[in-house]
Trainee: 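Sharing a structure here in structure tokens format.
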Amino acid sequence: MEVYQHFRKEEQPFIDQVLSWKDQVERSYVPKLTDFLDPREQEIVQMLLGTSQDELQTEAFGGSEYSERKRIVIAPVYETITKDMFQIQLLEAAYPEKFVSLEHRDVMGAFLSQGVKRKKFGDIMAADGKIHLLAAGEVVPFIQMNLTSIKKSRISFKEQSLESLTVKKENWKEYDKTISSLRLDTVIKEIYGLSRKDAAVLIQKMLVKVNYRVVDDVKFQLQEGDMLSVRGKGRSKIVAIRGRSKKDKIKMTAAILQ
């Protein structure tokens, strides 16, 4: 299929899924609500079903304007899309921060251990003795009944208004870099100030993600817009590829989450 040439091979199954959603809405005239999608998946949906569509419209929402993971409604152009259609519920729980320290990965691990799929919940915030979780409405009763402790700390999730959501605006700092190639180990080396060997070790130990998926190939070729995550060192992204220098080096603008 010609559309595949614009995407990586590993993205083809998701492309097929998006095209099936498109076909479903066009045939039934009934809006389609997706699960929570990561930013790359959201981008793919917009690329495939974006402004060029005459019969369909798409809108994304994840609980707040700063949400990273979002659900998308795909609907006929004449349909009025409302916030209620996204079926997102804010769950809140308190924990004794004097006795237990909870991080994002602790909360996510607890959910996954209960069999809740990652795509059924969005952003997670854990700080100052409070957990905020954005979840798909259909799994809320299961979460409230089954997730009653995290790291041996008893918790109870209660539904809250989205207006009370703890919002954290991300702060990205951009840097201009000149690199020899867009290989994953080369880019990790430059962005995080590591040796090539150390960058390769992190990749081979499966501690590096590209667009929210683990990549263990040091030769993996990156592209403009790719989001990177290195465990213990934070997130970054390739903002722009700005051509080549006189010495034939690649000019890149990268950003690191502060």
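Position 1 is the first residue of the sequence, and the numbers go up from there.
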Trainee: Answer yes or no: are there more than 12 heavy-atom neighbours, outside R196 itself, under 6.0 Å from its atom CZ?
Mentor: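 Check passes, neighbour count above 12.
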
Trainee: How about S20 and D23: does a side-chain donor come under 3.5 Å of a side-chain acceptor?
Mentor: no

Trainee: Might you confirm whether atom NZ of K233 has over 12 heavy atoms from other residues, nucleotides or ligands at distances under 6.0 Å?
Mentor: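 Atom NZ in K233 is not crowded, with 12 or fewer foreign heavy atoms closer than 6.0 Å.
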
Trainee: Could you check I124, L91, L162 and say which one makes a side-chain contact (heavy atoms from CB on, under 4.5 Å) with L134?
Mentor: L162

Trainee: Going by atom types alone, do Y212 and S229 pair a side-chain donor with an acceptor below 3.5 Å?
Mentor: no

Trainee: Tell me whether F142 at atom CZ has more than 12 heavy atoms from other residues, nucleotides or ligands lying less than 6.0 Å away.
Mentor: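 Enclosed: over 12 neighbouring heavy atoms sit under 6.0 Å from CZ of F142.
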
Trainee: I'd like to know if the side chain of Y4 pairs up with that of D16 as donor and acceptor (distance under 3.5 Å, no hydrogens or angles considered).
Mentor: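 Side-chain D/A pair, Y4 to D16: present.
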
Trainee: Would you kindly say whether S164 and E92 are connected by a side-chain donor-acceptor distance under 3.5 Å?
Mentor: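 Note: S164 and E92 side chains miss the donor-acceptor criterion.
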
Trainee: State which residue, out of K120, K119, R118, fulfils the side-chain contact (heavy atoms from CB on, under 4.5 Å) condition with V116.
Mentor: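 Answer after filtering K120, K119, R118: K120.
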
Trainee: Check R213 with D38, please: is the shortest side-chain N to carboxylate O separation under 4.0 Å?
Mentor: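 Salt bridge between D38 and R213, a charged N being under 4.0 Å from a carboxylate O: yes.
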
Trainee: With F61, which of F86, F36, Y66 fulfils ring pair (Phe, Tyr, Trp, His ring centres under 6.0 Å)?
Mentor: F86

Trainee: Determine the minimum heavy-atom distance between V187 and I238, stating which atoms define it.
Mentor: CG1-CD1, 4.4 Å

